[in-house]
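Here the structure comes first, spelled out in structure tokens, and everything after it is commentary.
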Amino acid sequence: MAMDKTFDAGRAEARIYAEWEAGGAFRAGANASRPETFCIMIPPPNVTGSLHMGHAFNNTLQDILIRWHRMRGFDTLWQPGQDHAGIATQMVVERELAKAGNRSRREMGREKFLEKVWEWKAQSGGTIIGQLKRLGASCDWSRNAFTMSGAPGAPAGEQGNFHDAVIRVFVELYNKGCIYRGKRLVNWDPHFETAISDLEVEQIEQDGHMWRLRYPLAEGATWDRPVEWDDEGNPTRTEPCDYLVVATTRPETMLGDTGVAVHPDDPRYRHLIGKHVVLPLVGRRIPVVADDYADPEKGTGAVKMTPAHDFNDWKVGERHGLRPVNVMTTRAAMFLKDNSDFLADAQVSQEALALDGLDRYEARKRIVELAGEQGWLDGIDADRHMVPHGDRSKVAIEPYLTDQWFVDTAKIVGPAIDAVREGRTKILPEQHEKVYFHWLENIEPWCISRQLWWGHQIPVWYDEDGNHYCAATEAEAQAMAPGRSLTRDPDVLDTWFSSGLWPIGTLGWPENTPELQKYFPTDVLVTGFDIIFFWVARMMMMQLAVVEREPFHTVYVHPLVRDEKGKKMSKSLGNVIDPLELIDEYGADAVRFTMTAMAAMGRDLKLSSQRVAGYRNFGTKLWNAARFAEMNGVWEGHATRAAPPAPEATVNRWIIGETGRVREEVDAALAAYRFNDAANGLYAFVWGKVCDWYVEFAKPLLADPATAAETRATMAWVLDQCMILLHPIMPFVTEELWGLTGQRAKGLIHADWPDYGAELADPGAEREMRWVIGLIEEIRSARAQMRVPAGLKLPVVGVALDAAARAAWAGNEALILRLARLDGMTEGAAPKGAMTVAVEGASFAIPLEGVVDLAAETERLERSLAKLEKDLGGLRGRLSNPKFVASAPEEIVAETRETLERGEAEAAKLRGALARLAAG
RNA sequence: GGGCGCGUAGCUCAGUGGUAGAGCACUACGUUGACAUCGUAGGGGUCACAGGUUCGAACCCUGUCGCGCCCACCA
């Protein structure tokens, strides 16, 4: 076996992954004999989705937790799957169909269209699975779930029956009175022609206009309208006015106005309360009502009320008995001709208005035109304001009055709040708990019906009289309504209603499956903050409502991956970094390690490819350490061993202790979800300790027959530990090395996670190594400062060594000579023209006369001395402060004292060296 | 309007009371048999600003400035 110079990630990753899969490494139950279980539910990506950075990050963290627990012997399940993503998928498939020149969804009909969606799913729904595999995600793919599995029309091969669980929950919640049907104002998406929930609305700031309209006062009423103002905007002159002025950004809604609101204390209008205005065009007499909602500061202080097309107006309307009058159809066009609500009041002929059937924006123009012509347009102001948009369709949504199904969230929210408040479920970082509480404590009813086709059809049937029957099947519904002719509600459920059941649904509920018993409640949910409301809160509410248990004990909310400049990655900005391209270029391990190292809790991470390159080099570094070992016969006859060897050489004892330390560090970091600490700790250990020092120290030891064998054993063990500890973060390169470097009973993915710790530390060895490393660093530093040619070996004179220093030197002479590039030591007085370096309990003089520029060195020493003196001054000041000595913890005081003593000794040596240099 | 977070080296960021850290970038030297995807050494920071608490503050409190995000807001 001869190892290649580097790890060829591009070639090896697919092979390694295939081996894991073929060996059933990801299967739940692989550790079935163990009592502890560990389960993570993947946040199911949209079946339309492809892997973006957010997924890559999110799934890397999950995979780390999963691999870590698997190696620790937990019976581990990482449940994968995809979400059917109602609107998103319907949109994608419609677009695809249009591209292929097919008939539209409507022409095609529901059944045929759904067939097409399933076809599409079969064809390209697995894309993201392949991409997750490239990342190294060790999900149990044999259990892959889908939120629409088992739905009518699902192809035979589709495993699972998520549909039944969803329907069953709907029926249960309905029967408990937690789901109801109601005619309410909803966010209507005119593009998809469906209701959407509050959460699916996003506010976008847009330039627009504010139109001021005049509504004539009835009963001969007037008010004093200001016509002149002073510099501060206070009115200086008023004139009696026989109309009210209302301002609106949507003038077309005026046809549905059924009131005008003013503030009860507004002196301008107080006398008008209870009087009426006559709505232009329609002639409807509508009341002036007093309501705190009307803000005297805004607009004209009088605000038109359109309860059927505005959420605030709806509330005001309820308080004052203002009737909602719908003036738009589902397509957001005017419909007046057949609108009985509207016709009841209309006193103008529809033809004269010429509004019927107009799109809302056309209608807006027409209304403004009419207002101008008829003299009730008071003015137009430019206005920039927020306009609600459908988050998928990107069109302005229209509040619209329809019959919809709602979850009465107020009834099921309590346990979800309590679970977090009482710590049964923890949200990390904690700051997110506040947001969670705030949302849940102010929760609104959840509109769950969607006028779409792709989704779980609502299990409700209507009879001829409009009575409804909720049941799991049509037969059951029919049994509830004997002899009546039933039609099923055509609407489907909000996608999030089904994904809200992801934890129990994927585990086979309502059957009490072994998986459900074993893995539920699951352990940790790893997710981004953007779906805390959409998904996390709903899972909490729904699991608690249905099975009365929290779905997970921890929610780890990870930060957002942004681009190098800190901008959110988005297609429209064109700043999207494709994780697959990064994987192609640097390998999955490098991408994973980068994200892990940057995953500090609660802070967004800015990703740059340069950083990824750096961590790719880290993998190479480990690879080369193993390669060095191979060249030195370290792996010959090596077999996995759990316990560390018991070597005699200081260096070997030292590195074993360091390994124990890093293992504890990694475990503590992962247990606290401090992924970055785990990654950075390992990086510092592998590169900074093992490669920089241990491998270098090992070179002379391997050459010496007295220490070669134990050094080979130690190095093999230490490198094994590096592979094991790094495996959760860098699974591919470590697995490859594992296979190349010894007799292995099982793959690294199954290797036993170590449980040694600080007890491996050997204080004597550590002290000695600290001394040796300190000395070498001092000498190197001095050599570099003095520009001693790197190839030139120098002698060194030990000056006044104490016994410990002499012993440390004697025990490590070969190491020191080699790494400090010295050619031998004598003891005695420092010669003239020598530079002195100080380490604990010893000082060494390096004769430099004739070798280098002594004047420059003098300068350096003086600088060091000055800096040292400054630091020492601070320390002396602190120690001479009685309050510090009295109130600081003892160990801090002791530490300060030691630091001062060491510093003073060093300063003395520097002074000595300076004196000698001056003499020379 | 309400809430949350951030401001530390040129850049990206760690660091939750005890003399400021990493990676990258930069400078100098170096191909010494694991690694140039490398090694050694070095320069570089009044921790946004102002107050306060404390023996001691990057860290805790108050305020100011700057940046980001979430929620609400279609008069």
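Throughout, a chain's letter reflects where its sequence line sits, starting with A, and its residues are numbered from 1.
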Exercise. How close or far is atom C1' of B/C4 from atom CG of A/D530, stated in whole angstroms?
Worked result: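 Nearest whole value for this atom pair: 16 Å.
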Sequence neighbours excluded, which residues qualify as salt bridge (charged side-chain N to carboxylate O under 4.0 Å, His left out) partners of [X]?
X: A/D266; result: A/R268
X: A/D257; result: A/K304
X: A/R627; result: none
X: A/D207; result: A/R384

For this session: Remember a base hit wins even if backbone is also touched, and classify A/R780 as base, sugar-phosphate or nothing at under 4.0 Å, heavy atoms.
Result: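 Answer is sugar-phosphate: A/R780 comes under 4.0 Å of backbone atoms only.
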For this session: Would you indicate what A/T253 reaches in the nucleic acid, counting non-hydrogen atoms under 4.0 angstrom: base, sugar-phosphate, or nothing?
Result: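 A/T253: no heavy atom of the nucleic acid under 4.0 Å.
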For this session: State whether the distance check finds a donor on one side and an acceptor on the other, under 3.5 Å, for side chain A/R611 versus base B/U12.
Result: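 Yes.
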Apply side chain to side chain contact (heavy atoms under 4.5 Å, CB included) to [X] and list each qualifying residue two or more places apart in sequence or on a separate chain.
X: A/R821; answer: A/R783, A/K793
X: A/F437; answer: A/I417, A/V420, A/R421, A/E433, A/E441
X: A/A888; answer: A/F884, A/V893

Only distances under 3.5 Å count here; give the side-chain donor-acceptor pairs of residues 679-697 of chain A to other protein atoms, sequence neighbours excluded, each with its distance to 0.1 Å.
residue : atom : partner : partner atom : Å
A/N680  : ND2  : A/N676  : O            : 3.1
A/K689  : NZ   : A/E658  : OE1          : 3.3
A/Y694  : OH   : A/N652  : OD1          : 2.6
A/E696  : OE1  : A/K699  : NZ           : 3.2
A/E696  : OE2  : A/K699  : NZ           : 3.1

Exercise. A/N312 side chain: which of B/C74, B/C71, B/U40 is closest?
Worked result: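 Of the candidates, B/C74 comes closest.
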Seminar exercise, completed: Testing B/A41, B/U37, B/G39 for proximity to the side chain of A/W687, the answer is B/G39
Could you list, one pair per line, each protein nitrogen or oxygen that sits under 3.5 Å from a nitrogen or oxygen of nucleotides 28-34 of chain B, together with the distance?
residue : atom : partner : partner atom : Å
B/A28   : O2'  : A/R787  : NH1          : 3.1
B/A34   : OP1  : A/K699  : NZ           : 3.0
B/A34   : O2'  : A/N624  : OD1          : 3.0
B/A34   : O2'  : A/R627  : NH1          : 2.7
B/A34   : N7   : A/K699  : NZ           : 3.4
B/A34   : N6   : A/C691  : O            : 3.2
B/A34   : N6   : A/E696  : OE2          : 3.1
B/A34   : N3   : A/N624  : O            : 3.1
B/A34   : N3   : A/A625  : N            : 3.4

Problem set entry | Earlier contact from the 5' end, RNA chain B, for A/S781 and A/N617 |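 Its nucleotide being nearer the 5' end, the pick is A/N617.
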Can you name the atoms? Protein N/O to nucleotides 53-58 of chain B N/O, anything below 3.5 Å, with the distance.
residue : atom : partner : partner atom : Å
B/C55   : O2'  : A/N881  : ND2          : 2.7

For this session: Taking only Lys NZ, Arg NE, NH1 and NH2, and the carboxylate oxygens of Asp or Glu, determine whether A/E736 and A/R11 approach each other closer than 4.0 Å.
Result: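 Looking at A/R11 together with A/E736, the answer is no, because their closest N to O distance does not fall below 4.0 Å.
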All N/O contacts under 3.5 Å from nucleotides 45-47 of chain B to the protein, with atom names and distances to one decimal?
none

Problem set entry | Any residue meeting ring pair (Phe, Tyr, Trp, His ring centres under 6.0 Å) with A/H320, in chain and number order, not counting sequence neighbours | none
Exercise. Can you tell me if A/D589 uses its side chain to pair, donor with acceptor, with the backbone of A/V733 under 3.5 Å?
Worked result: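 Checked: pair present.
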